[in-house]
Amino acid sequence: MSETFRAILISRDEARNQSVDIVEMTPDQLMDGDVDVAVEATTVNYKDGLAITGKAPVVRHWPLVPGIDLAGTVITSSHPDWQAGDRVILNGWGVGETHHGAYAGRARLNGDWLVALPDRFTAMDAMAIGTAGYTAMLSVLALERAGMTPDRGPVVVTGAAGGVGSVAVALLSGLGWHVIASTGRTGEADWLRDLGAAEIIDRAELSEPGKPLAKERWAAGIDAVGSHTLANVLAATRYGGAVACCGLAQGMDLPASVAPFILRGVSLLGIDSVMAPKQRRVEAWSRLARDLDASRLRAITTEIGFEAIIDAAKEIVEGRIRGRVVVNMR
């Protein structure tokens, strides 16, 4: 591999003004780690968009290579679990936030952060899934641990046209759920039905202040939106139901009451993808390899090159990207 490689670098000056540049880096400029990986594919998540645009304080070390997801091949390793040639995935662990991330030709990482790439997936497949799809799978697993099954009733997915939502729709429908997809992009209705959604509702039904309790509409939910949307999802959840919360596209607040919890026994399940233990990550990727329909994965994916990452980051924050964006780093 060349001793230099391209990278996107986020910097900040003394006045705290952020700049984003494409630069040439060398391995000596990477941070500490015991595994070097040739980055073959990455993706653009909402969090990556926030980092590159500076819309939220995602980056906490300066300068930094952003990018929270990668898939590639081990170049060198002093970690006992990995050796040169191994195919690996990285999601989270502060990479792209406090540790140089995926938007570079090479990454130096802690071997404990890595998961083996399932045989079924190429690097591009894995990044078509990415943290968004991995988070969707963590959410499905949480609902299952809470006793939620398709025979309990419908499941609602908010932000359904986004990365987490689109994979959640595909996964849940494949597992036999009646999926209600909530989206502000009603023009994507046919696309969402192709992914497996049985019903489409306008996000306006959920995004405004609502009642502490509403008519029971679904047994379970996966919410990537937060704020009033999550409050309304909870208010309309059936007795004994559960909602997995994994995002904050509308906001970090939760203007809800305790009514759904104490009058209907509803459970709110928090989903953390960044610091999830390795055992749970391995389970999630194993289930993705088993349960995610490859044709549906292709239907939610747009492929771009390295040069298009910055523009894609801006577009995802502006809500102009549907599904998943995968970056071919080769």
Side-chain angles (χ1 to χ4, degrees), residues 2-33 36-37 39 41-70 72 90-110 113 127 130-132 135 159 162-164 184 224-227 246-253 272-275 302 304-322 324-329:
S2 171
E3 284 303 304
T4 65
F5 48 86
R6 290 184 303 173
I8 293 174
L9 194 67
I10 300 178
S11 303
R12 194 163 68 176
D13 63 21
E14 292 182 358
R16 303 173 71 87
N17 296 310
Q18 179 170 301
S19 61
V20 182
D21 300 288
I22 295 178
V23 301
E24 289 288 324
M25 293 182 65
T26 68
D28 290 342
Q29 293 174 280
L30 295 173
M31 294 180 178
D32 291 342
D36 276 21
V37 177
V39 181
T42 181
T43 181
V44 181
N45 296 289
Y46 188 71
K47 182 183 279 187
D48 299 315
L50 294 175
I52 285 177
T53 61
K55 296 288 187 182
V58 172
V59 175
R60 299 189 298 279
H61 177 95
W62 309 90
L64 194 82
V65 176
I68 65 173
D69 282 333
L70 64 83
L90 181 286
N91 307 109
W93 292 116
V95 172
E97 300 178 62
T98 58
H99 189 96
H100 282 327
Y103 296 162
R106 184 169 181 152
R108 181 167 296 144
L109 306 162
N110 183 330
W113 299 343
M127 290 298 97
T131 284
T135 301
V164 174
V225 178
S227 193
C246 60
L248 44 70
Q250 187 179 9
M252 291 184 66
D253 59 323
D272 166 52
S273 63
V274 176
M275 304 303 290
T302 300
I304 64 172
F306 176 86
E307 297 82 1
I309 291 174
I310 295 173
D311 286 342
K314 296 173 183 175
E315 290 175 1
I316 200 169
V317 171
E318 294 167 0
R320 294 192 284 118
I321 285 179
R322 76 176 188 182
R324 302 284 298 129
V325 175
V326 61
V327 184
N328 190 336
M329 296 288 285

Closer than 3.5 angstrom, by distance alone: can the side chain of R108 be matched with the main-chain N or O of P27 as a donor-acceptor pair? yes
Quick one: are L30 and F5 in side-chain contact, heavy atoms under 4.5 Å? yes
Pairs involving residues 49-63, ordered by first then second residue, that meet side chain to side chain donor-acceptor pair (under 3.5 Å) (sequence neighbours left out): R60-E97
Distance in Å, K314 NZ paired with R320 CZ, rounded so as to fall on 0.5 Å steps: 10.0 Å
With the side chain counted from C-beta on, respond yes when M275 and W93 share a heavy-atom pair under 4.5 Å apart, and no when they do not. yes
OG1 (T43) and CD1 (I316) are apart, to the nearest 0.5 Å, by 7.0 Å
W113 side chain reached by V95 side chain, heavy atoms, under 4.5 Å: yes
Not counting sequence neighbours, which residues clear salt bridge (Lys or Arg N to Asp or Glu O under 4.0 Å) with E307? List them please. R6
Donor-acceptor pair, side chain of D13 and main chain of A15, under 3.5 angstrom: yes
State whether the number of non-hydrogen atoms from other residues, nucleotides or ligands found under 6.0 Å of R16 atom CZ is greater than 12. no
Any sub-3.5 Å donor-acceptor pair from Y46's side-chain atoms to A313's backbone N or O? no
Polar side chain donor-acceptor pair, D69 to T42, under 3.5 angstrom: no
Donor-acceptor check, side chain of H99 to backbone of G94, threshold 3.5 angstrom: yes or no? no
Does any N or O in the side chain of D48 come within less than 3.5 Å of the main-chain N or O of I68, such that one atom is a donor and the other an acceptor? yes
How long is the gap from CD1 on I52 to CD1 on I310, to the nearest 0.5 Å? 6.0 Å
Ignoring hydrogens and geometry, is there a side-chain-to-backbone donor-acceptor pair from T26 to T4 under 3.5 Å? no
